[in-house]
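Below is one structure; the comments refer to it alone.
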Amino acid sequence: MDDLSKAYDPALAEEKWYQQWLDRGDFTADPSRAFNGRGLSDSQKSEQRALGLKEAYSIVIPPPNVTGILHMGHVLNNTIQDVLARRKRMQGFEVLWLPGIDHAGIATQAMVEKQVRKEEKKTRHDLGRDEFLKRVWAWKDKHGGIILQQLKKLGCSCDWTRTVFTMDGLDPRHPDPRINYSRWVTHVFVELHKKGLIYRGRRMVNWCVVSRTALSDEEVIMKQTQGSMWFLRYPLADNPEKHLVVATTRPETMLGDTAVAVNPKDERYSQWIGKKLKLPLVGREIPIIADELVDPAFGTGCVKVTPAHDPADFEMGNRHNLEQIQVIGFDGKMTSHAGADYTGMDRYECRKKVVSDLEALHLVEKIDAYANSVGYSERADVPAEPMVSEQWFLKYPAVKASLDAVTSGQITFWPDRWAKVYEHWMDGIKDWCISRQLWWGHRIPVWTRNSEIHVGMEPPVGDGWLQDPDVLDTWFSSWLWPFATMISAPEKLDSEIRNPKSEISVFYPTHDLATAPEILFFWVARMIMAGVEFKGGLPFHNVYFNGIVRDKIGRKMSKTLGNSPDPLDLIGKYGADALRLGTMRCAPLGLDVRFDEQQVELGRNFCNKLWNAARFRLSQGAPSGQSIPTLQDLSANDLSSDDKAILMRLDAAVREIEGAFARYEFNQITAQLYELFWTHYCDWYLEASKATLYGTDERAKAVTLCVMDHMLNAMLRLLHPFTPFITEELWHAINPSASSIQFAPWPTPLSPTDASRLGLQPDVIRFVGQKQEAVSAGRNLRASYNIPANRKTPFAFTPQGDWHKSAHEVSVLKILLNADPLDYVTTAPKGSASAVTPLGTIHLPLEGLVDVEAERKRLTAQIGKIEKELLAVNAKLNDPGFTGRAPKEAVDKHRARADELKTDIEKIHAQIATLGGS
RNA sequence: GCGCGCUUAGCUCAGCGGUAGAGCGCUUGCUUCACACGCAAGAAGUCGUAGGUUCGAUCCCUACAGCGCGCACCA
């Protein structure tokens, strides 16, 4: 048994154990030794286990971006998954935690384009598509997926042999990957196209002028912005003296106006309908049209209509056959249609110029400050431009079944309020724009030759075919994640499903999904639909939505704010276990997490305390089973009240933790563990055990060590999912011949038989609680008279009950009070300070040092406090409403409490009486 | 505008019909042979506001306020 150092050094243990876990393949799931428990009865499962098979448990990681680096959100999300996975391993499951990364089309392409621009002063167009993609693959080789290495530092027990990349199958250098994920993406496109769910259309989409691509609605974030409302005068074509006033928040779009609309019922304008206006700055004549959409009460009741640049106007334009004039280009600069004065100008520069030009013509009626929401491109963080273009759209499959899955409870959301958000979105679901004007991604499997079209897994034969240049939205690949990562290729679906030992047969559907609520629509909802549509089954049973990690003052953590600590720095400073524990401790179900480095410090302190508790144990002799008994060998008579109480605390904690896991209340679990270990075990049990360990009764000593071993081993196992490294380290220190704690059985509640054999009765825990109260009271006396805790001092008891006949109890009190001697008296020694406790009145003899007046004051104050409570209790008992209507239990409880309080007061009065003096 | 969530000790958060809890911070004492990343003692809250239900409300209901978040074609 090696000596442990005085303080825990996480770096050593982390490096050592993670490498060993990898070397031994502890995280590698083996379908051949597992069975899928879905739909099996308990007895069927037992049969499988009898064959030496383990029940399967699986989670898929929410694949981080290939460009991503670890941030606090990942720490929270992945620690949760690791906790789930590690506990299941200990419970005897065959665990697959499947890791991977996605190709992050926009972000990755932008990053490599930037690099190429910087290093070679070239654009991607200079390089050409093939050459550019080579650069991206090279970049990926070098920098991609750093985050997976970082997850290892965090201790994540992913099955790294099964790591999947969403573009596997497309790397020309590795044409035959284990999982041809890309083939799945193509297959799904082709199938949905066959079903008529994918179509091409010229529609208004959100356009990101920085990334130069269309976006889906979900990739646009509405931001509340403080802008202006410009009121512009549009003169009548045949009478420039008269004009209509339109209100707009985007004056630059007026260059593309092709009508002005009013509500047909708006009498103010009814005589204007059908007339023409002369569009200022442009000179185009545009009609005044009537459309129900116009709200007469808003603005002036006149709406400028720009069918090429506004979704509502686009619809209106279609209804009235208006021309679409694109004045803002895909690059965010004005097109030639905007007129010579504005061509090439940035859209916001143009806004300023249009306004000033109109002002010069006295055509600006007024400008109001105006708060409105503007859609921003999520990736580039610039306003998204509504733009008409030709794109591919998906009509979502399996919507109803996917909605029902959640409303019926086949899939449970934790916390369940997200189910409402899901339902709301699914109810109003709109077609998904899946094409992106990028090169990095899965190219759309559509080829055209003149008017011919070919949609298929393979290119068409013959010459002259052109493939669609666009790629698919990254989410169009990640929505297949839970099953496409488990089947080698779509062609193998049937054969692999028929094989009962294939990954898909054993590990699908997954059990839990832990993710962020931000991607409920992006990912979770779509995965459910894809699972139903292509795998014929739901992809998971439970979805746990972790909170968003915020900084101390509640701001979302972000690179731009610079308020996000680097988790690797934190690991370096405090250790991975500390970071994990600190994060989980402050992660209540479904609430955002306020992160504070102090939480990690707390985690480190906890680990150090654990370390030292183990050190203490090791300093006391050999482990259980050798020279000392194990818990199995013991019965009630062997155990002290303290032994029994701590075993009961453990049992209660095991039960609580079981329930908290079932409800995904991770912070409750850590709180339970904290209290069990720190308060009950260290502060009380370990301290009390010194009475025995420093004594001479060898048998008692052996029993105490046995209980300690039992406690430490149980606590280490309960803690292991949260703090894998230190628990593995200490597990081996305490159990020199044991194998990894990762597969040590998860603690279960004691059976009634064991509990009764060990004499674990509620009155034991009550008694130990009373003993602790008595100790606290004694220490309080000591502190009141400034007697340092480390100075031995005599105490005396006027005992209540017969506990003082037990040598064990006396010795425990002596050591906890640091008392010597501890006497028993019928009345208080002259000149002592006293306190009433459940074990009797405790006296601190002060041999004339006692300040009679101060003591009287102290005791009187105590009486005052008790009387106050008594008054409240009596008030209730004197209320006929209470005694008449409250349950008998409550009334009895109050009566007992009143008696107790009265007795205490009497005792203190008696104490004051013995003080003497004036 | 609609919907959801939060509001408890200086800070971060538990609790949830019947004497208000933890950690950090603070005050005091302690290097006592596991741990100063520690031990012991202590101070500190009209549980957002106003109503209602109840014998009794921090807890249930209603309204309001503040903060946060989703959704929304009001230009």
Side-chain angles (χ1 to χ4, degrees), chain A residues 4 6-8 204 222 229 246-250 253 261 293-295 297-306 310-316 370 372-373 386 415 417-418 420-421 424-425 428 517-518 520-521 548 550 552 554 556 574 578 585-586 588 590-596 598-599 601-620 665 667-668 671 674-675 678-679 682-683 686-687 690 694 775-776 779-784 786-792 818 868-869 872-873 876 879-887 889-891 893-894 897 901:
Chain A
L4 300 184
K6 192 171 170 184
Y8 173 56
M204 173 88 28
M222 300 308 273
M229 180 73 88
V246 298
T248 182
T249 53
R250 297 197 300 154
T253 61
L293 189 74
V294 181
D295 177 1
F298 188 88
T300 59
C302 298
V303 181
K304 58 188 276 310
V305 183
T306 324
D310 180 275
D313 293 3
F314 177 78
E315 300 295 330
M316 227 189 282
Y370 190 70
N372 65 336
S373 294
R417 64 192 156 83
W418 292 109
K420 264 194 209 166
V421 180
H424 183 245
W425 187 74
E518 300 155 297
L520 170 56
F521 309 142
I548 293 167
R550 300 177 176 282
K552 240 201 290 209
K556 203 166 155 174
Y574 300 102
R585 237 182 85 85
C586 61
L591 289 180
D592 288 356
V593 178
R594 290 251 174 141
F595 181 80
D596 185 337
Q598 276 190 351
Q599 296 286 349
E601 199 176 324
L602 187 83
R604 180 201 55 183
N605 295 352
F606 185 90
C607 289
N608 191 56
K609 185 87 174 167
L610 186 64
W611 181 261
N612 277 288
R615 267 183 77 209
F616 177 77
R617 167 60 189 89
L618 290 172
S619 70
Q620 300 301 314
E665 291 171 351
N667 63 325
Q668 293 291 352
Y674 196 96
E675 197 186 351
W678 204 301
T679 306
C682 290
D683 289 349
L686 193 151
E687 292 303 328
K690 289 176 180 174
Y694 296 164
V775 169
S776 291
R779 287 169 174 173
N780 178 288
L781 287 179
R782 184 193 266 281
S784 303
N786 297 322
I787 300 169
N790 62 349
R791 192 198 304 165
K792 273 205 193 322
N818 200 15
K868 207 173 151 193
E869 196 188 332
V873 175
K876 281 202 164 182
D879 177 0
F882 177 69
T883 48
R885 299 215 207 175
E889 288 171 14
V891 179
K893 217 171 143 192
H894 279 73
R897 182 67 183 153
L901 293 171

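So that the names make sense, note that chain A is the first sequence line, chain B the second, and so on, each numbered from 1.
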Original post:
With K420(A), which residues qualify under side chain to side chain donor-acceptor pair (under 3.5 Å), at least two apart?
Top reply: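 K420(A) satisfies side chain to side chain donor-acceptor pair (under 3.5 Å) with no other residue.
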
**OP:** Compare every heavy atom of M316(A) with every heavy atom of V305(A), then report the nearest pair and how far apart it is.
**Re:**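 Heavy-atom minimum between the residues: CG2-SD, 3.9 Å.
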
Which residues pass the salt bridge (Lys or Arg N to Asp or Glu O under 4.0 Å) test with [X], not counting sequence neighbours?
X: E675(A); value: none
X: R615(A); value: none
X: K690(A); value: E687(A)

Holding to side chain to side chain contact (heavy atoms under 4.5 Å, CB included), I want the full list of residues that pass it with [X], two or more places apart in sequence or in another chain.
X: D295(A); result: A297(A), F298(A)
X: F314(A); result: M204(A), N318(A), Q324(A), V388(A)
X: S776(A); result: W684(A)
X: A886(A); result: F882(A), V891(A)

Would you classify [X] as touching base, sugar-phosphate or nothing, given that sugar-phosphate means primed atoms plus P, OP1 and OP2, and contacts are heavy atoms under 4.0 Å?
X: S776(A); result: sugar-phosphate
X: K868(A); result: nothing
X: N780(A); result: sugar-phosphate
X: L686(A); result: base
X: K893(A); result: nothing
X: P887(A); result: base
X: E675(A); result: nothing
X: A671(A); result: nothing
X: R615(A); result: sugar-phosphate
X: C607(A); result: nothing

Subject >> Along RNA chain B (nearest heavy atom to each residue), the more 5'-positioned of N605(A) and K6(A) >> reply: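 It is K6(A) whose nearest nucleotide is closer to the 5' end.
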
Original post:
Closer to the 5' end of RNA chain B via nearest nucleotide, is it G301(A) or A7(A)?
Top reply: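 Comparing both residues, the 5'-ward one is A7(A).
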
Using the [atom1] atoms only, state how far [M] lies from [N], rounded to an integer number of Å.
N: U62(B); M: A22(B); atom1: C1'; answer: 33 Å
N: C30(B); M: G48(B); atom1: P; answer: 40 Å
N: U54(B); M: U46(B); atom1: P; answer: 29 Å
N: A9(B); M: G25(B); atom1: C1'; answer: 11 Å
N: A20(B); M: A14(B); atom1: C1'; answer: 12 Å
N: G45(B); M: G51(B); atom1: P; answer: 23 Å
N: G17(B); M: G52(B); atom1: C1'; answer: 15 Å
N: A41(B); M: C24(B); atom1: P; answer: 14 Å

Specify the separation, in whole Å, of atom [atom1] of [X] and atom [atom2] of [N].
X: Q598(A); N: G25(B); atom1: CD; atom2: P; result: 6 Å
X: N612(A); N: C37(B); atom1: CG; atom2: P; result: 11 Å
X: Q668(A); N: A22(B); atom1: CD; atom2: P; result: 15 Å
X: W425(A); N: C4(B); atom1: CH2; atom2: P; result: 21 Å
X: H424(A); N: A72(B); atom1: NE2; atom2: C1'; result: 8 Å
X: E315(A); N: C73(B); atom1: CD; atom2: P; result: 11 Å
X: R779(A); N: C39(B); atom1: CZ; atom2: C1'; result: 9 Å
X: N608(A); N: A34(B); atom1: CG; atom2: C1'; result: 10 Å

[X] side chain: which of [options] is closest?
X: A613(A); options: A34(B), C4(B), A75(B); value: A34(B)
X: T248(A); options: A75(B), G5(B), A34(B); value: A75(B)
X: F882(A); options: C35(B), C4(B), G18(B); value: G18(B)
X: K304(A); options: A75(B), G5(B), G18(B); value: A75(B)

So, do [X] and [Y] sit near enough that their side-chain heavy atoms are less than 4.5 Å apart?
X: N818(A); Y: K792(A); answer: yes
X: D310(A); Y: R250(A); answer: yes
X: Y674(A); Y: L602(A); answer: yes
X: Y8(A); Y: K609(A); answer: no

Subject >> Under-4.0 Å side-chain N/O to phosphate OP1/OP2 contact, Y370(A) with A75(B) >> reply: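 Checking Y370(A) against A75(B): at least one side-chain N or O falls below 4.0 Å of OP1 or OP2.
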
Subject >> Phosphate contact (C39(B) OP1 or OP2) by W678(A) side-chain N/O below 4.0 Å >> reply: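 W678(A) to C39(B) OP1/OP2: side-chain N or O found under 4.0 Å.
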
**OP:** Measure the OH-CG distance between Y574(A) and N605(A) for me, rounded to the nearest 0.5 Å.
**Re:**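 So the gap between those two atoms works out to 9.0 Å.
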
Give me the distances for all protein-to-nucleotides 45-48 of chain B N/O pairs that come in under 3.5 Å?
none

Subject >> hbond_proxy S784(A) side chain to A41(B) base (donor-acceptor, 3.5 Å cutoff) >> reply: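 Looking at the base of A41(B), it does not pair with any donor or acceptor on the side chain of S784(A) (distance under 3.5 Å).
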
Original post:
Quick one: does E687(A) reach the base of A40(B) with a side-chain donor-acceptor pair under 3.5 Å?
Top reply: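 No, no donor-acceptor pair under 3.5 Å.
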
Subject >> Set of residues satisfying ring pair (Phe, Tyr, Trp, His ring centres under 6.0 Å) with respect to F616(A), sequence neighbours excluded >> reply: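 Counting only residues at least two positions away or on another chain, F616(A) forms no ring pair (Phe, Tyr, Trp, His ring centres under 6.0 Å).
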
Original post:
For nucleotides 27-33 of chain B, read 5' to 3', which letter fits each nucleotide if B means a protein heavy atom sits under 4.0 Å from the base, S means only the sugar-phosphate is that close, and - means neither?
Top reply: --SSSB-

Subject >> Watson-Crick or G-U pairs under 3.5 Å in RNA chain B, rendered as dot-bracket with [ ] for crossing pairs and | for another strand >> reply: (((((((..((((....[..)))).(((((.......))))).....(((((..]....))))))))))))....

